Chemist: 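This is the structure I want to talk about, given as structure tokens.
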Amino acid sequence: MSDETNTLIGYEQYRAYLDHLLNADLQYCRREVQGLLDGGVPLASMYVDLLQRALYDVGDLWASNRISVAVEHMAAAMTEDLMRMASPLVREAPRIGRKAIVSCTVEEYHQVGARMVADLLELQGWDVIFLGANAPVDDVMLLTDQLKPDLLALSVTMPSNLRRLAEAIRLVRQQFDGLPIAVGGQAFALAGAAQPSLMPGVWRVETVDHLGQVIAAS
């Protein structure tokens, strides 16, 4: 389980949320998220310090056979439901005239992290096209050619999909040489030294703050 960290969300508050998430208490989790939104906690902090942190712990519990894959899927689905509560805040942000495509790689079915990136980009005023899980690279490239985005963001959670990410980057680079590409996801941390090297013009997004730096540089 995650240790207590220096966040705006206290450890006891976090553990209570995690316990209720694991027990499918959606109403409790909704009240908790609404309280944080009403209290002015920044969306990025809520996403990272509560929702993402809980899903990482859920993943650890599944990996150690302490919960079933059904519970893991339930927690992910509940988290996406909770994220929809932030939709008015995200969509009311003033637009800045920049466009991003956010997608998971092919065979990647964990889309919550990518959805968080999409929301945080929208909060910064971007127009975001979110493709979700398991997006074939050929289709991503067709849409990129059609919509001419300012940024392509690709997410990968399972280390086994890092080779698919590398292949997607290679193909995109062949056709869209100058397009900024941001990549991220838990797969990089899980892969350790086995993670792939990245081409020039491709940024690995490690934190929310780093996402802001990528946005500024793109």
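Every value quoted in this text rests on a predicted model; they were computed, and no experiment measured them. In what follows, residues are counted from 1 in the order of the sequence shown.
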Chemist: Would you give the length of the straight line joining atom CD1 of I96 to atom CD of E122, rounded to the nearest 0.5 angstrom?
Modeler: 11.5 Å
Chemist: Rounded to the nearest 0.5 Å, what separates atom CZ in R115 from atom CG in L120?
Modeler: 10.0 Å
Chemist: Applying the 4.5 Å side-chain criterion to the ILVMFWY set and letting contacts propagate, would L8 and M83 be lumped into a single cluster?
Modeler: yes
Chemist: R98 side chain to D127 main-chain N or O, any donor-acceptor pair under 3.5 Å?
Modeler: no
Chemist: Quick one, Q111 with E80, criterion side chain to side chain contact (heavy atoms under 4.5 Å, CB included). Give me CA distance, side-chain angles, the key distance, then yes/no.
Modeler: CA-CA 9 Å; Q111 68 176 31; E80 290 199 74; 2.9 Å; yes
Chemist: Would you say V112 and L190 are hydrophobically clustered, going by side-chain heavy atoms of ILVMFWY under 4.5 Å?
Modeler: no
Chemist: To the nearest 0.5 Å, what is the distance between CZ on R204 and CG on L154?
Modeler: 14.5 Å
Chemist: Run the side chain to side chain contact (heavy atoms under 4.5 Å, CB included) check on Q52 and M116 step by step: do they pass?
Modeler: CA-CA 9 Å; Q52 183 186 76; M116 289 181 179; 4.1 Å; yes
Chemist: What is the minimum heavy-atom distance between A118 and F130, and which atoms define it?
Modeler: CB-CD1, 4.0 Å
Chemist: Rounded to the nearest 0.5 Å, how far does CG of L37 lie from CE of M46?
Modeler: 4.5 Å
Chemist: Are the side chain of R91 and the backbone N or O of L89 linked by a donor-acceptor pair below 3.5 Å?
Modeler: no
Chemist: May I ask whether L21 and V69 are part of the same hydrophobic cluster, defined by side-chain heavy atoms of I, L, V, M, F, W, Y residues being less than 4.5 angstrom apart, directly or through others?
Modeler: yes
Chemist: State, yes or no, whether a side-chain contact exists between I101 and L131 at a heavy-atom distance under 4.5 Å.
Modeler: yes
Chemist: If you look at every heavy atom in H110 and C104, which pair is closest and at what distance?
Modeler: O-SG, 3.5 Å
Chemist: A side-chain contact here means heavy atoms from C-beta on lying under 4.5 Å apart; do L61 and L22 qualify?
Modeler: yes
Chemist: Using the rule that Ile, Leu, Val, Met, Phe, Trp and Tyr join whenever any side-chain heavy atoms are under 4.5 Å apart, tell me whether I9 and L55 fall into a single cluster.
Modeler: yes
Chemist: So, for I67 and W62, which heavy atoms are closest and what is the spacing to 0.1 Å?
Modeler: CG1-N, 3.5 Å
Chemist: Side-chain heavy atoms under 4.5 angstrom apart, residues restricted to Ile, Leu, Val, Met, Phe, Trp, Tyr: same cluster for I169 and L171?
Modeler: yes
Chemist: Can you list the steps and then say if L82 with M85 is a side chain to side chain contact (heavy atoms under 4.5 Å, CB included)?
Modeler: CA-CA 6 Å; L82 296 168; M85 296 174 65; 4.1 Å; yes
Chemist: Flag the pair L165 / F188 as yes when at least one side-chain heavy-atom distance between them is below 4.5 Å, and no otherwise.
Modeler: yes
Chemist: Taking the side chain as everything from C-beta on, heavy atoms only, tell me whether R173 gets closer than 4.5 Å to V202.
Modeler: yes
Chemist: Is there a side-chain contact between M158 and E107, using heavy atoms and a 4.5 Å cut-off?
Modeler: no
Chemist: Please round to the nearest 0.5 Å and tell me the distance separating atom OH of Y17 and atom CG of L51.
Modeler: 4.5 Å
Chemist: Judged by atom type as modelled, is there a donor-acceptor pair below 3.5 Å linking the side chain of R84 to the main-chain atoms of T79?
Modeler: no
Chemist: Within the structure provided, determine whether V137 and V106 are in side-chain contact (heavy-atom separation under 4.5 Å).
Modeler: no
Chemist: Do V102 and L151 have side-chain heavy atoms sitting under 4.5 Å apart?
Modeler: no
Chemist: After noting the C-alpha distance and the side-chain angles of R164 and V156, does the key distance pass the side chain to side chain contact (heavy atoms under 4.5 Å, CB included) rule?
Modeler: CA-CA 9 Å; R164 296 184 175 92; V156 57; over 6 Å; no
Chemist: At their closest point, which heavy atom of L147 faces which heavy atom of K99, and how far apart are they?
Modeler: O-NZ, 3.1 Å
Chemist: Can you name the closest pair of heavy atoms from D150 and G97 and give their distance?
Modeler: OD2-O, 4.3 Å
Chemist: Rounded to the nearest 0.5 Å, what's the gap from CG on L143 to NZ on K148? Could you check?
Modeler: 10.5 Å
Chemist: Are R170 and E167 within salt-bridge range, i.e. N to O under 4.0 Å?
Modeler: yes
Chemist: For a quick test of reading the model, state the closest non-hydrogen atom pair linking P180 to W203 and the distance between them.
Modeler: CB-CZ3, 3.4 Å
Chemist: Is it true that R53 and D57 have a side-chain N and a carboxylate O under 4.0 angstrom from each other?
Modeler: no
Chemist: Quick one: does T144's side chain get under 4.5 Å of V172's, heavy atoms only?
Modeler: no
